[in-house]
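Okay, structure first, notes after.
None of these values were measured; they are calculated from a predicted model. So that the names make sense, note that chain A is the first sequence line, chain B the second, and so on, each numbered from 1.
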Number of protein chains: 2
Amino acid sequence: MTQALSPRERILETATQLFYAHGYRAIGVDRLILESGVAKMTFYKHFPSKDSLIQAYLEKSTTGFWTWINSITEKYLSPREQLIAIFQAVAKQAISPACLGCAFLHAAAEFPEVNHPAHQTALEYKRGVLAKLEALSQEAGAANPKALSEDLMLLMDGAWAAARMFGAGNHAARVAQTAEILIDVQTSKK
Amino acid sequence: MTQALSPRERILETATQLFYAHGYRAIGVDRLILESGVAKMTFYKHFPSKDSLIQAYLEKSTTGFWTWINSITEKYLSPREQLIAIFQAVAKQAISPACLGCAFLHAAAEFPEVNHPAHQTALEYKRGVLAKLEALSQEAGAANPKALSEDLMLLMDGAWAAARMFGAGNHAARVAQTAEILIDVQTSKK
DNA sequence: CCTTGAATAGACAGACCTGTCTGTATTTCA
DNA sequence: TGAAATACAGACAGGTCTGTCTATTCAAGG
């Protein structure tokens with residue numbers, strides 16, 4: 001009957017809310033403990049340091065992202081449709097009030113040293129996205145799949161940046177149409 | 001014979017280096033004072049708070065940006081060429097080792113509350129860029145200048161994001177060609 | 001029942017943060 | 001030369017940060 005989340009899950013849930021909304025350095029351990037209703041020792045038992053919690057949060061976010069992407073792409077057969085669907089989902093997400101940008105871009109902003117663990121994790125995530133876009137571009141018959149995937153990546157990160165900067169109803173609304181233009185131009189539709 | 005910069009200029013110069021490279025919260029007043037070789041009281045005389053220095057830095061960056069943009073556009077007559085030239089310059093900048101992304105995006109990442117002064121300043125800057133792109137899009141004969149400017153903005157911020165995340169030699173290299181595609185498609189070239 | 005592991009509350013250390021204050025030295029300019 | 005403004009060095013206050021520690025309570029299983 002113990003429906004409540006475990007301490008570890010509560011901490012991670014709180015971290016998800018707070019890190020995403022306010023940033024990594026802005027949120028202290030005391031606040032995380034307070035809002036997740038957990039003792040300090042419990043916190044440090046599950047996460048030996050604040051950095052390790054940041055790490056866990058980024059990994060959880062990565063998993064969540066791919067779950068989201070898969071839920072979108074699995075509804076379509078053709079790679080072109082999958083790409084379009086991804087960018088439609090990105091547009092919808094980016095203009096929603098719940099969207100505060102991309103946690104990984106924020107991590108890179110706050111931890112600029114490329115060898116910092118958080119930056120590394122963010123980088124790996126972005127490389128993964130790039131790889132997925134390239135694979136779909138390839139399957140979609142792009143003349144230069146790498147080039148198309150890089151272009152699409154610029155659009156996607158531009159959309160997340162717009163979300164953080166401008167808030168809900170920003171100019172990322174059009175990102176799906178824009179992606180479609182690039183896909184059309186760079187794909188041999190013959 | 002006193003060629004050295006004034007205390008205020010030294011502080012602002014140091015702030016430019018440190019804030020850009022490491023972020024706003026990561027750099028403390030003590031470090032700024034140490035590296036600019038200034039007394040603490042001198043610092044607080046010229047900048048009544050750290051926030052006001054951040055503000056001054058962002059305003060200086062805005063000025064620098066427009067000086068840069070103007071130095072590029074003034075070499076071309078047609079709005080289309082100006083747009084292309086801007087994105088060629090962005091590409092060149094974004095892939096250079098000196099580029100660490102966009103200070104304003106970082107400000108939005110670190111100060112998410114839209115009414116925070118630093119976020120506000122960043123927002124005004126971005127609105128300015130958007131307006132400039134829209135004006136050029138209009139003059140270039142875009143069917144929908146607002147739409148084209150928003151698309152180009154996504155590309156530009158995507159390029160800055162790539163610079164911060166991936167470091168030198170990132171995938172923003174292509175941003176000028178990509179921009180050109182969008183300009184061509186959305187402009188009545190008749 | 002009793003033991004063991006886990007969670008709780010909260011004090012504490014030591015570092016670091018912003019901003020203030022005192023007092024001295026240097027520069028500028030009349 | 002002398003006065004006023006400016007910059008210097010560095011101590012200090014008060015708060016916040018991460019992470020450690022003690023001591024108590026709760027819950028489950030043998």
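Applying the salt bridge (charged side-chain N to carboxylate O under 4.0 Å, His left out) test to every pair with at least one member in residues 5-19 of chain B, sequence neighbours left out, gives these pairs: B/E13-B/K60. The stretch residues 37-58 of chain A participates, sequence neighbours left out, in these ring pair (Phe, Tyr, Trp, His ring centres under 6.0 Å) pairs: A/F19-A/Y57. Applying the salt bridge (charged side-chain N to carboxylate O under 4.0 Å, His left out) test to residues at least two apart or on different chains, none of the pairs has a partner in residues 130-144 of chain B. Here ring pair (Phe, Tyr, Trp, His ring centres under 6.0 Å) pairs that include residues 73-104 of chain B, with residues two or more places apart or in two chains, are B/F104-B/Y125. Pairs passing the salt bridge (charged side-chain N to carboxylate O under 4.0 Å, His left out) check and including a residue from residues 38-51 of chain B, sequence neighbours excluded, read B/D30-B/K40.
Between C/dA7 and A/H46, a contact under 4.0 Å exists linking OP1 or OP2 to a side-chain N or O.
Looking at B/R174, its side chain never comes within 3.5 Å of a backbone N or O of A/E150 through a donor-acceptor pair.
The ring-ring contact (aromatic ring centres under 6.0 Å, His included) test applied to A/H171 returns A/F166, not counting sequence neighbours. Every residue meeting the side chain to side chain contact (heavy atoms under 4.5 Å, CB included) condition with B/Q120, not counting sequence neighbours, appears here in chain and number order: B/V114, B/L123, B/E124. A search for side chain to side chain contact (heavy atoms under 4.5 Å, CB included) contacts involving B/A89 returns B/W68, B/I72, not counting sequence neighbours. With sequence neighbours excluded, the residues satisfying ring-ring contact (aromatic ring centres under 6.0 Å, His included) with A/H116 are A/F111.
Residues from residues 8-28 of chain A lying near DNA chain C, meaning a heavy-atom separation below 4.0 Å, are A/R10 in numerical order. Listed by residue number, the members of residues 106-122 of chain A with any heavy atom below 4.0 angstrom from DNA chain D form an empty set.
Look at CG on A/L34: it is 14 Å from P on D/dT16, rounded to the nearest Å. Here the P atom of nucleotide C/dA7 and the CD1 atom of A/I33 are 14 Å apart, to the nearest Å.
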- [ ] Report, as a single string ordered 5' to 3', how protein heavy atoms within less than 4.0 Å touch nucleotides 19-25 of chain D: B base, S sugar-phosphate only, - not at all.
- [x] BBBB---
